[in-house]
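Throughout, protein chains are lettered first and strands after them, A, B, ... in sequence-line order, and every chain is numbered starting at 1. Worth saying up front: this structure is predicted, and the values here are computed from it rather than measured.
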There are 2 protein chains.
Amino acid sequence: MSRRTTTRYAVLGMLTHGPMTGYRLREEIRASVGHFWQESFGQLYPTLRDLEQEGLVARVGGGADRGEPVELTPAGREALRAWLAQEARSLSPERHELLLQLFFGRHADPGVIAAHLDRHRERLLQARERYRQIEQFVRAETSPDQPYWLATVRHGVLLVEAGLAWNAETAARLAEETT
Amino acid sequence: MSRRTTTRYAVLGMLTHGPMTGYRLREEIRASVGHFWQESFGQLYPTLRDLEQEGLVARVGGGADRGEPVELTPAGREALRAWLAQEARSLSPERHELLLQLFFGRHADPGVIAAHLDRHRERLLQARERYRQIEQFVRAETSPDQPYWLATVRHGVLLVEAGLAWNAETAARLAEETT
DNA sequence: CCCCGCATGTAATAGGTTACATGATTGG
DNA sequence: CCAATCATGTAACCTATTACATGCGGGG
């Protein structure tokens, strides 16, 4: 059953970087778009099988040997183009558990909300560090993909920085409350 | 089967605002935390049944009449406190389809990425408008919950503004590319 | 009387993760 | 030879949405 899930296009997209095995595909996804897109094997392999049946990807050697990489077919490249032209459905149901805790924060024991904010800040700082490193790396890149890659990294940087600003502002406001 | 899902605590939390029916509960969730948390009936009613069996909520009238609101029991209030003290697991698998399209944007037909960014910008502007109105509303609020509510709204405001900054920066960079 | 809002619930479906099972190849 | 990495796949499960089914009560 092929369900026109976005996994299909994540796969087709990654294959523009060259032929890969399913295993390698997941590594590449993790290493490049991993910050905003993940795939599990349980999702990848069935998708790969479907894509092959539909003729959007093909085994490189022609045979179906184990460990044989797959490559994009012209039809696959076309399918990718078609998806790129479609509006992204915001599939993410937008569930932010920390914000939910904050919303009901008045009923928490003293200090626990401040602790949550602290931990959240730590994670954001680490994320900012990661993004900054990736940004440096991408800026040095000469690939024609570079401006597109940079765009996704910059999204990470800017959103994390906004998160930090919010974190500081919120921690200050709630600290003021308890005085 | 009670699966310690966050839905439970969204329900318990909302009931701190007073007794409600399942139907009303969903309305309230949509109207207050709807920007970062949603619940469907198919999730709500089974959860409500579980919570009642576990004694965390109880029908107000004692009887099980249709349309009878439920209220927090002391045990429910305690369960809420316990959850508030726990670290939020970032359940969101972080999947951002627009960024995925952008990452592979080089393979798109000319103009389609710019169009995506434009539409994205429109949605962000609308969201900012909504958040700003809510912020005004919440700032005027005198409830002891006010600082907590304000925190969640401010998160929306700051993140959307960062999104807009990213959008402008990215649109400019990609426009430059094509010249 | 009919429609709408309030109210409750279930079944089907979707979309995905995790755990498990298996085996080849390679380097220490 | 043994561990780690590469590689593929399936089964079980989880979480949640959507669609569907039902029914009451009030207002136009």
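- Atom CG of A:D50 and atom P of D:dT10 are 11 Å apart (whole Å).
- For A:Y9, the ring pair (Phe, Tyr, Trp, His ring centres under 6.0 Å) test picks out A:W83, with sequence neighbours left out.
- Rounded to a whole Å, the CZ atom of A:R8 is 14 Å from the P atom of C:dA14.
- To the nearest angstrom, C1' of D:dT15 lies 14 Å from CD of B:Q38.
- In this structure, B:T5 reaches the D:dA16 phosphate: one of its side-chain N or O atoms is under 4.0 Å from OP1 or OP2.
- A:D109 pairs by the side-chain hydrogen bond (donor to acceptor under 3.5 Å, both in side chains) definition with B:R81, not counting sequence neighbours.
- Using a 4.0 Å cut-off between a side-chain N of Lys or Arg and a carboxylate O of Asp or Glu, B:E39 and A:R95 qualify as a salt bridge.
- Under the rule for a ring pair (Phe, Tyr, Trp, His ring centres under 6.0 Å), the partners of A:W166 that lie at least two apart in sequence or sit in another chain are A:H120, B:H155.
- At a non-hydrogen distance threshold of 4.0 Å, nothing from residues 18-37 of chain B comes into contact with DNA chain D.
- Atom CZ in A:R95 sits roughly 17 Å away from atom P in C:dG15 (whole-Å rounding).
- Listed by chain and number, the residues in a side-chain hydrogen bond (donor to acceptor under 3.5 Å, both in side chains) with B:E169 are A:R154, B:R173 (sequence neighbours excluded).
- Atom-to-atom, CD of A:E39 to P of C:dT18 comes out at 13 Å; the value is rounded to the nearest Å.
- At whole-Å resolution of the value, CG in B:L48 and C1' in C:dT10 are 15 Å apart.
- Scanning for ring pair (Phe, Tyr, Trp, His ring centres under 6.0 Å) contacts around A:F36 gives an empty result, with sequence neighbours left out.
- Proximity note for B:F41 (side chain, C-beta onward) versus C:dT8, C:dG16, D:dT17: the nearest is C:dT8.
- As a whole-Å value, the separation of A:Y45 OH from C:dA19 P is 18 Å.
- A donor-acceptor contact closer than 3.5 angstrom is absent between the side chains of B:S40 and B:R26.
- Comparing D:dT10, D:dT8, D:dA16 against the side chain of A:P46 picks out D:dT10 as the nearest.
- Atom CZ of A:R89 and atom C1' of D:dT18 are 15 Å apart (whole Å).
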